[in-house]
A.B. asks: 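I have a structure I would like to understand better, so I am pasting it below and will then ask my questions one at a time.
We use all heavy atoms of the structure for the numbers below, so side chains are in, but hydrogens, waters and symmetry mates are not. Along the sequence shown, residues are numbered consecutively beginning with 1.
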Amino acid sequence: MADIGNERQIDAYERTFMAGRRQEVDRFRRLLNGSSPGKRLINIYGIGGMGKSFLLDEFRRIAAECGYRFLLLDSRDFLHTPQSLSARLARLAEYPDADAGRLEPEDESFEVSDAIRRVNAVAAERPLCLAFDTYEEMESLDQWIREQLLPRLDPSVPVAVAGRNPLQGAWKLSPAWRQMIEWAPLSELAYDDAKAYLERHGIRDDASIRAVWNKTKGHPLSLSLAAHAATVREDARLADEEVFPFVAGQWLREVPGPALRSLVEAAAVLRHFNQEILSYAIDAPVTTEQFQELVSLSFVRRVSRGWLLHDLVRTAVAEDLRARTPETYNALRRRGAAYFYRAVGRGPGASRDGWEAAEAFYYVGDHLIREFFYQTASPHYFEPLDDANAEEAARYLAHRKASPKEVRIPYVDPETNAPKEFVITPEQSLFPVKHLHLDELRELHRVHIRLLRKPSGEMVGLSVVIPIHEKTLDFLLNKPLSSAFFRSLDERRLNAMRVPADTDYGLFVYGIDVADFGDWKLRADAGLHFITQMLTGGFIAGSPPPLPFFREVHQRLGCETADAVHYDYDGRTPAHTYYLDTRGPRLHQYLRKMMAQLGLDAEEPRKAEPDLSMLTEREADIVALIGKGLKNADVAARLFVSEITVKKHLTSIFQKLGVTNRTQLVSKLFERE
């Protein structure tokens, strides 16, 4: 009885530390009470340390409250054969308190059908719930579980499957199973949930909570370890050297060998990657098989521009690589910088949205810029302001102007490695929206007003960028934030800006706001949006709030400071205008300057240059277009030939230049520049 009492005490204590996961818990409750018609199985999945086993414990407690016997099949408790799994299942059905961690032996004489009959007999007397943990380790049993075990169990038995990856293949291809499964991907904890968790650990100071959340990104295992370290040390500063390498080590256990580990390390240095970028970075072809093995890892995710490692594992692996083999780390970073540097401004056919330049800045930007804006690929998105969402935008601005609050932005000083923070007072938190009057701004010709939204659709920010041309200059000369700069220009410069309204001399950033600059995801949205605008290959200016955070960011981005000063934010604090001119060749000059400041060379060591003189005129045209980033179909359209003709020419080109694929061809072209 004492043991049962202890278990209940532990359960009660564990439950007090349950944070978030309300949606998943509600889905499981509905599965038990039958209020999710047609559903039989809940699949919870997520990367290591996301709290899957902890959530299964909560499912067990809920099942007990509902009168269910909870049978947990942990992959470590039985040999991965149908006989051993069945023996474990039968033992649990008859003896629910069977020793956890006791490896069920193989028994070739054990009748699988007999085990299923026993389980169904017990289920007829008392409701049962079946759960699988660490399902990714049961790959050899997956087909048998799906086709033999579950169909023969009493259909009233709900099932929970927890693993690093979602159920794949036949689970999704089968119309029946597809309809019966509740998919429950686990993501990081939201700030409020992480705050509640830390407060239960005795960490109640807002600055400390924000610092821990920003550092752990709400990842449950990292959060738990950081809370423990902070409690033991009575200091909420994280022991990075203890917490994050441990977490990364847990993830890297799923990497099977040194070859794949090397690709993971390269991907950690590169941030965004695809097969072509990865091949260029390691200076060797990455096969499709190798690449598919890499992107199938649980901590790798697909994003709109390629693939990314999870933020925490990327940081931990990159830092570990830099400490162990700094030359390898620096070589990967140099080649990453070189790849995107050469991708910038390749002329017709190249992307002109500034993404390549912004990505190049990840490698050439300093520590703080990467920490503030490049820690994650945000799921949020911008959409244009129009009649349909104008009222919502007005409500957002009204709410922001009525809700001043203090903002704290923690960071690590790159010089001293000491934790610091920028503090924005409640009054200052309203500076970004003080002069945003949407009705007036919408009257401007071709003004770019965009709303920032979460995936759920909630509006969490907006951006106002005014193109500089003949129909906007009067506004810019006479309105707060912009008039000081434009009135400081001489007549010659102003006349140069009076270009026709269907073209732009450049852009003036009138305001970029998010609901909370202390939220690292929203801060990344705002920062990368500005950097992308800044690096589209034109002239850009803006007068951000006169606060240390914004001043530091603009200076570290390499912006110039104009002589004009104004006091439009609060009537007493001087505010400067920053500008950058990256028109034409100036963009490459700017990137080279930023790379030189960090000791990076835009030029990779040259190898023997390919002799292009042996190519025919048509082959040379194709090579030039390939070098600009065009795909085969685009090359064919540009040259008015078929895609098959382009492929035939490429075969000849590969032979003449001694390469075997497009990746090697592009690499050789980069080396020539």
Side-chain angles (χ1 to χ4, degrees), residues 19 188-219 222-223 226-227 229-231 233-240 243-244 311-312 315 366-376 378 380 399-434 452 460-461 511-528 530 544-556 569-570 573:
E188 290 81 0
L189 296 179
Y191 174 75
D192 288 340
D193 293 327
K195 182 174 184 287
Y197 178 84
L198 292 171
E199 286 174 341
R200 291 168 198 161
H201 272 279
I203 302 172
R204 296 184 174 85
D205 173 70
D206 283 343
S208 298
I209 290 171
R210 181 72 68 175
V212 172
W213 186 70
N214 271 278
K215 195 68 176 177
T216 63
K217 308 296 189 292
H219 177 256
S222 302
L223 198 67
T231 304
R233 296 176 177 214
E234 297 183 347
D235 184 352
R237 290 178 298 182
L238 301 184
D240 294 5
V243 173
F244 298 108
D311 308 321
L312 291 181
T315 300
D366 70 5
H367 172 87
L368 277 186
I369 295 301
R370 290 197 302 276
E371 183 174 343
F372 287 151
F373 305 133
Y374 285 95
Q375 289 298 308
T376 186
S378 173
H380 305 156
H399 177 74
R400 278 283 286 118
K401 292 176 180 180
S403 307
K405 64 178 180 180
E406 183 179 79
V407 174
R408 292 179 177 269
I409 304 174
Y411 68 99
V412 177
D413 188 307
E415 303 298 328
T416 65
N417 208 34
K420 292 188 175 182
E421 65 180 0
F422 291 107
V423 179
I424 300 175
T425 68
E427 178 193 10
Q428 293 167 343
S429 74
L430 301 184
F431 283 178
V433 295
K434 182 173 183 178
L452 178 64
V460 287
I512 298 177
D513 178 66
V514 294
D516 181 5
F517 276 96
D519 183 323
W520 55 274
K521 288 186 179 179
L522 296 183
R523 189 167 62 245
D525 292 326
L528 284 179
F530 175 73
L547 304 174
F549 170 72
F550 295 102
R551 181 173 64 248
E552 191 81 14
V553 165
H554 282 76
Q555 289 176 350
R556 288 177 179 270
Y569 281 105
D570 62 2
T573 308

A.B. asks: Is there side-chain contact between P426 and E406, with heavy atoms separated by less than 4.5 Å?
C.D. replies: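 Yes. Closest side-chain heavy atoms under 4.5 Å.
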
A.B. asks: Flag the pair Q428 / T425 as yes when at least one side-chain heavy-atom distance between them is below 4.5 Å, and no otherwise.
C.D. replies: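 Heavy-atom side-chain distance check passes, below 4.5 Å.
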
A.B. asks: With side-chain contact (heavy atoms from CB on, under 4.5 Å) as the criterion, how do D519 and Y191 come out once you've worked through the C-alpha distance, each side chain's angles and the decisive distance to 0.1 Å?
C.D. replies: CA-CA 9 Å; D519 183 323; Y191 174 75; over 6 Å; no

A.B. asks: Please tell me if the side chains of I409 and I424 come closer than 4.5 Å, counting only heavy atoms from C-beta onward.
C.D. replies: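 Yes. Closest side-chain heavy atoms under 4.5 Å.
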
A.B. asks: How far does CD1 of I203 sit from CD1 of I209, to the nearest 0.5 angstrom?
C.D. replies: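 I203 atom CD1 to I209 atom CD1 measures 7.5 Å (nearest 0.5 Å).
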
A.B. asks: Under the side chain to side chain donor-acceptor pair (under 3.5 Å) test, which residues partner H380, sequence neighbours left out?
C.D. replies: S378, D525

A.B. asks: Can you sort out the partners of K434 under side chain to side chain donor-acceptor pair (under 3.5 Å), two or more places apart, ordered by chain and number?
C.D. replies: none

A.B. asks: If you measure from CD on E552 to OH on Y411, what distance do you get to the nearest 0.5 Å?
C.D. replies: 6.5 Å

A.B. asks: How far does NZ of K195 sit from CZ of R200, to the nearest 0.5 angstrom?
C.D. replies: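 These two atoms lie 11.0 Å from each other.
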
A.B. asks: Nearest heavy-atom pair of K401 and V433: which atoms, and what distance?
C.D. replies: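 Closest heavy-atom pair between K401 and V433: CE-O, 3.0 Å.
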
A.B. asks: Is any NZ, NE, NH1 or NH2 atom of the basic residue among R408 and E421 found under 4.0 Å from an Asp or Glu carboxylate oxygen of the other?
C.D. replies: yes

A.B. asks: Output all residues satisfying ring pair (Phe, Tyr, Trp, His ring centres under 6.0 Å) with F431, sequence neighbours left out; order by chain, then residue number.
C.D. replies: Y569

A.B. asks: If you take all heavy atoms of F517 and A526, which pair is closest and at what distance?
C.D. replies: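 Scanning both residues, the minimum pair turns out to be CE2-CB, 4.1 Å.
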
A.B. asks: For a 4.5 angstrom cut-off between non-hydrogen side-chain atoms, does V407 reach V423?
C.D. replies: no

A.B. asks: What I'd like to find out is whether the side chain of F530 reaches to under 4.5 Å of the side chain of P544, using heavy atoms alone.
C.D. replies: no

A.B. asks: Can you find a pair of side-chain heavy atoms, one from F372 and one from F549, that are under 4.5 Å apart?
C.D. replies: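 When only atoms from C-beta onward are counted, F549 and F372 do touch, with a gap below 4.5 Å.
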
A.B. asks: For residues V514 and V460, determine if any side-chain heavy atom of one lies less than 4.5 Å from a side-chain heavy atom of the other.
C.D. replies: no

A.B. asks: Check the pair R523 / D516 against side-chain contact (heavy atoms from CB on, under 4.5 Å), numbers first and verdict last.
C.D. replies: CA-CA 8 Å; R523 189 167 62 245; D516 181 5; over 6 Å; no

A.B. asks: Checking the side chain of S429 only, and the main-chain atoms of P404 only, is there a donor and an acceptor separated by less than 3.5 Å?
C.D. replies: no

A.B. asks: State the CG-CG distance between L198 and L189, to the nearest 0.5 angstrom.
C.D. replies: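 L198 atom CG to L189 atom CG measures 9.5 Å (nearest 0.5 Å).
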
A.B. asks: Are D513 and L452 side-chain neighbours, meaning at least one heavy-atom pair lies under 4.5 Å?
C.D. replies: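 Heavy-atom side-chain distance check fails, nothing below 4.5 Å.
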
